[in-house]
Amino acid sequence: MPHTAQAPIASTAPTAAHALPSYLDPNHLGPWGTYLQQVDRVTPYLGSLARWVETLKRPKRALIVDVPIEMDDGTIAHFEGYRVQHNLSRGPGKGGVRFHQDVTLSEVMALSAWMSIKNAAVNVPYGGAKGGVRVDPRKLSRAELERLTRRYTSEIGFLIGPSKDIPAPDVNTNAQIMAWMMDTYSMNVGATATGVVTGKPVDLGGSLGRNEATGRGVFTVGVEAARLTGLTIPDARVAVQGFGNVGGTAAKLFAQAGARVVAVQDHTGTVHNAAGLDVTALQRHVQHTGGVASFAGADAMAPDEFWGVACDILIPAALEGQITRDNADRIRAKMVIEGANGPTTPEADDILQGKGVLVLPDVIANAGGVTVSYFEWVQDFSSFFWTEDEINARLVRIMQDAFAGVWQVAQENKVTLRTATFIVACKRILHAREMRGLYP
Ligand code: GLU
């Protein structure tokens with residue numbers, strides 16, 4: 001996996017392909033390398049703002065912390081944690097915290113940069129940030145997980161805050177973990193500060209609709225793109241990689257709209273049913289067993305076959321670097337909706353474009369989560385809470401408007417939706433940068 005290597009903070013990759021450590025191999029750029037290529041692709045469209053583009057190629061701040069905890073058996077374990085603030089030109093840092101055994105600084109840097117782009121693309125008043133701990137949380141007890149979360153929060157405590165940098169859930173983190181983070185920060189500052197994190201439990205300053213928001217956003221842009229390209233959602237065949245918060249919700253919403261979810265893959269296996277999987281039954285199965293493997297209403301499939309499944313819409317909603325030059329050619333979908341962050345490498349982007357596959361990029365397609373995080377933060381500040389209908393209606397409007405704007409920029413410049421989203425977002429960020437000017 002490319003993201004297991006610690007990539008250096010370099011803005012270019014060398015060209016030689018042999019006998020190089022994987023972080024220097026141009027065929028395995030890793031997420032930060034992927035992001036840098038995406039910025040290079042947008043630079044010709046930035047006009048005079050290109051003068052500031054180097055700003056986007058380096059994080060503003062990156063913090064590495066040691067997270068020592070006492071394990072239940074009395075031993076001491078150390079985990080490496082990160083918080084990266086990529087850009088704060090448009091507002092406080094915003095972005096999730098990921099607990100995963102493959103987390104690296106390079107990965108968190110890329111994820112923080114994609115947050116900057118995403119937040120600007122949907123025009124919420126935030127910069128971009130991200131955090132992570134290199135740990136497999138499935139191997140921790142609940143008490144160990146709580147100790148890890150609290151110590152990590154304390155270690156990054158001087159960087160975060162309701163008006164400085166606001167974490168949220170990401171891969172393997174959830175509302176309970178946000179409650180522990182909120183409590184730890186609050187204990188340290190001596191006052192309950194609900195606005196320090198989003199994605200909290202609803203009874204603790206969380207927002208209705210936040211849990212489903214990313215999947216709902218994925219569905220919303222999918223419906224918009226289908227309308228613009230003449231794809232009919234009822235009867236469309238959908239394949240989903242990742243069946244967590246994002247993939248599970250997106251699958252459910254597409255199924256409710258009459259689509260057939262024909263394949264689902266997660267870390268436990270791949271299940272397939274050309275007639276359509278019962279998504280509700282699959283969700284129940286995952287709740288009981290921890291994964292999609294051995295679901296009775298489907299055939300098992302070899303993991304690699306997933307990419308060649310006959311489908312109309314493919315939704316990668318797991319980790320980055322999944323659609324590569326090795327499998328992009330086998331993809332039969334008409335549309336790829338990126339629920340995950342960074343699932344497609346630049347080479348795979350080119351292959352998909354060559355095949356006429358429409359890619360709805362992460363930086364717009366999965367922005368529903370942070371959009372409702374913004375609503376949660378606003379509600380916490382004003383101590384006035386909205387109804388779920390209000391939240392969903394506002395979410396859908398923001399996603400539709402942002403997507404329409406990006407679509408138009410793509411048509412005008414004859415570029416992919418990814419480059420179009422980067423054009424919109426980078427211009428917003430760099431315009432803010434230019435207006436603020438350099439200090440001192
Ligand atoms: N982790 C989510 C993302 O990647 C949400 C971040 C947030 O709500 O701040 O967009």
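Numbering of ligands and ligand atoms starts at 1, following listing order.
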Please check if atom NE2 in H267 has more than 12 non-hydrogen atoms from other residues, nucleotides or ligands closer than 6.0 Å.
->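 Yes.
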May I ask you to decide if the ring planes of H86 and W32 are parallel, tilted or perpendicular, using 30° and 60° as cut-offs?
->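 Ring orientation, 0 to 90° scale: perpendicular.
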Does F243 have its ring centroid less than 6.0 Å away from the ring centroid of H285?
->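 No; H285 has its ring centre 6.0 Å or more from that of F243.
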May I have every N or O pair linking ligand 1 to the protein at under 3.5 Å, one per line with atom names and distance?
unit_1   : atom_1 : unit_2 : atom_2 : d
ligand 1 : 1 (N)  : P169   : O      : 2.9
ligand 1 : 1 (N)  : D170   : OD1    : 2.8
ligand 1 : 4 (O)  : K118   : NZ     : 3.1
ligand 1 : 4 (O)  : K130   : NZ     : 3.1
ligand 1 : 4 (O)  : D170   : OD1    : 3.4
ligand 1 : 4 (O)  : N341   : ND2    : 3.0
ligand 1 : 8 (O)  : R210   : NH2    : 3.1
ligand 1 : 8 (O)  : S373   : OG     : 2.5
ligand 1 : 9 (O)  : K94    : NZ     : 2.8
ligand 1 : 10 (O) : K118   : NZ     : 2.6

Is the shortest distance from a Lys or Arg side-chain nitrogen in D350 or R325 to a carboxylate oxygen in the other one below 4.0 Å?
->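 A salt bridge is absent here (no side-chain N lies under 4.0 Å from a carboxylate O).
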Under 4.0 Å between a Lys/Arg side-chain N and an Asp/Glu carboxylate O for R142 and E146?
->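 Not counted as a salt bridge, because no side-chain N and carboxylate O are separated by less than 4.0 Å.
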Could you tell me whether the side chains of R210 and S373 share a donor-acceptor contact shorter than 3.5 Å?
->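 Side-chain D/A pair, R210 to S373: present.
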